[in-house]
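Heads up, the thing below is written out as structure tokens.
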Protein chains: 2
Amino acid sequence: MLRRRKNKTPPLPPLCPLTECMKLLGGAWTANLVWRLSGEPRRFSELRSDIPRISAKVLSARLCALEKNGVLTRHVVASSPPSVEYALTEMGRELIPVIEAIVQVGMKLQHRVEVRPRSVPGSAPRPRARATHRT
Amino acid sequence: MLRRRKNKTPPLPPLCPLTECMKLLGGAWTANLVWRLSGEPRRFSELRSDIPRISAKVLSARLCALEKNGVLTRHVVASSPPSVEYALTEMGRELIPVIEAIVQVGMKLQHRVEVRPRSVPGSAPRPRARATHRT
DNA sequence: GGGAGTGGTAACCGGAGGGAAACCACAATG
DNA sequence: CATTGTGGTTTCCCTCCGGTTACCACTCCC
């Protein structure tokens with residue numbers, strides 16, 4: 001039966017902090033958005049041109065959600081055409097290390113893409129355990 | 001018109017590294033999975049019991065995708081009931097700082113949940129710019 | 001013989017996510 | 001007058017994600 005230390009599950013708190021944080025960053029463009037905001041505060045249309053492929057609907061939805069979660073604040077500037085500035089809150093700024101870590105890995109990834117050592121000739125092509133594999 | 005320095009977009013490389021990395025971590029349970037694997041290698045059924053709410057289908061899909069992306073390796077152990085061990089590759093291990101940063105923020109988040117200073121009485125209740133706001 | 005444990009796959013299916021486009025109200029601008 | 005730019009909302013629509021369930025093929029153990 002090959003038991004091998006059955007329940008050696010190290011940490012894993014009951015309410016997963018990872019899941020909690022990923023709820024903030026979930027959804028399309030969210031991480032990009034926080035990244036853009038990590039510098040100076042930006043306005044709606046600036047963000048739209050920063051991330052050209054995001055739609056107004058999704059941008060609006062993300063901004064609402066992020067504000068609701070306390071990640072950013074919206075500040076209305078009463079100018080001739082009233083504009084709105086979005087800025088990270090203190091809590092939002094705590095996400096910056098996460099974003100930067102992701103960007104770091106992303107950049108390493110882009111280097112790997114050039115040299116992709118897939119399917120070394122000497123190794124087995126891909127041993128399946130004993131799965132069904134009908135016909 | 002209030003021009004304010006039009007295109008001061010700082011970095012944002014053409015092929016976004018953030019998006020590239022998020023493609024690896026996208027999808028339900030993926031980050032959790034990498035987290036579990038960040039310690040010792042684990043088997044399919046171990047992962048299933050580690051993350052009780054993940055379904056076999058999604059677990060299988062994630063493992064396939066992560067293997068395809070070079071994040072982990074599968075190793076078939078030819079034992080009596082053949083078992084499969086999943087382990088992070090070197091590239092997969094580079095994701096660990098990301099996961100840990102996420103977990104760090106997640107834990108801070110859980111502390112904040114207890115004391116949630118939403119809607120400070122002194123500030124405006126929520127000024128909308130001039131949006132439609134029909135009736 | 002029957003059940004459990006191994007590691008999956010196949011089919012079904014509902015709901016959410018997200019893209020596209022139209023629309024809004026108003027001021028400034030051409 | 002028409003257009004542009006401001007910041008969104010709303011509707012339509014379609015895809016794909018992920019949950020559920022069933023099933024497989026095999027071996028070991030009671």
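Letters A, B, ... are given to chains in the order of the sequence lines, protein chains preceding strands, and every chain is numbered from 1. Excluded from the calculations below are hydrogen atoms, water molecules and symmetry mates; all remaining heavy atoms, backbone and side chain alike, are included.
We find that CG of A/Leu59 is positioned 17 Å from P of C/dA21, with the value rounded to whole Å. Rounded to a whole Å, the CZ atom of B/Arg48 is 10 Å from the P atom of C/dT6. For the pair B/Arg53 CZ and D/dC17 C1', the interatomic distance rounds to 16 Å; values are reported in whole Å. If you take CD of B/Glu46 and P of C/dG7, they are 8 Å apart, rounded to a whole angstrom. Atom CD1 of B/Ile54 and atom P of D/dT20 are 12 Å apart (whole Å). Atom P of nucleotide D/dT6 and atom CD of A/Glu85 are separated by 13 Å, given to the nearest angstrom. Going from atom CG of A/Leu72 over to atom C1' of D/dG7 covers 15 Å, rounded to whole Å. Atoms CH2 (B/Trp29) and P (D/dG19) sit 7 Å apart, rounded to a whole Å.
Ranking D/dG8, C/dG18, D/dT6 by closeness to the A/Arg62 side chain, first place goes to C/dG18. In the set C/dT6, C/dG8, D/dG8, the nucleotide with an atom closest to the side chain of A/Ser60 is D/dG8. Picking from C/dA28, D/dG7, C/dT6 the nucleotide with the shortest atom distance to the side chain of B/Ser83 gives C/dT6. Checking D/dG7, C/dT6, C/dG7 against every side-chain atom of A/Arg43, the shortest atom distance belongs to D/dG7. Checked against D/dT9, C/dG19, D/dT6, the side chain of A/Ala28 finds its nearest nucleotide in C/dG19. Residue B/Val58 places its side chain closer to D/dG18 than to any other of D/dG7, C/dG7, D/dG18.
Salt-bridge annotation for A/Glu90 and A/Arg93: absent, with no side-chain N of the basic residue lying under 4.0 Å from a carboxylate O of the acidic one. Under the 4.0 Å criterion applied to side-chain N and carboxylate O atoms, A/Arg42 and A/Glu40 are assigned as salt-bridge partners.
Between the side chain of B/Lys57 and the base of C/dG8, no donor-acceptor pair under 3.5 Å is found.
Applying side chain to side chain contact (heavy atoms under 4.5 Å, CB included) to B/Tyr86 and the options B/Leu33, B/Leu63, B/Leu66, B/Thr73 leaves one that passes, B/Leu63.
The shortest distance between side-chain heavy atoms of A/Val34 and A/Leu72 does not fall below 4.5 Å.
Using modelled atom types, no side-chain atom of B/Arg36 and backbone atom of B/Glu46 make a donor-acceptor pair closer than 3.5 Å.
At a threshold of 4.0 angstrom between heavy atoms, the contacts of B/Ser55 include nucleobase atoms, whether or not backbone atoms are also involved.
Applying the 4.0 Å criterion to OP1 and OP2 of C/dA27, one finds that A/Ser80 has every side-chain N and O outside that range.
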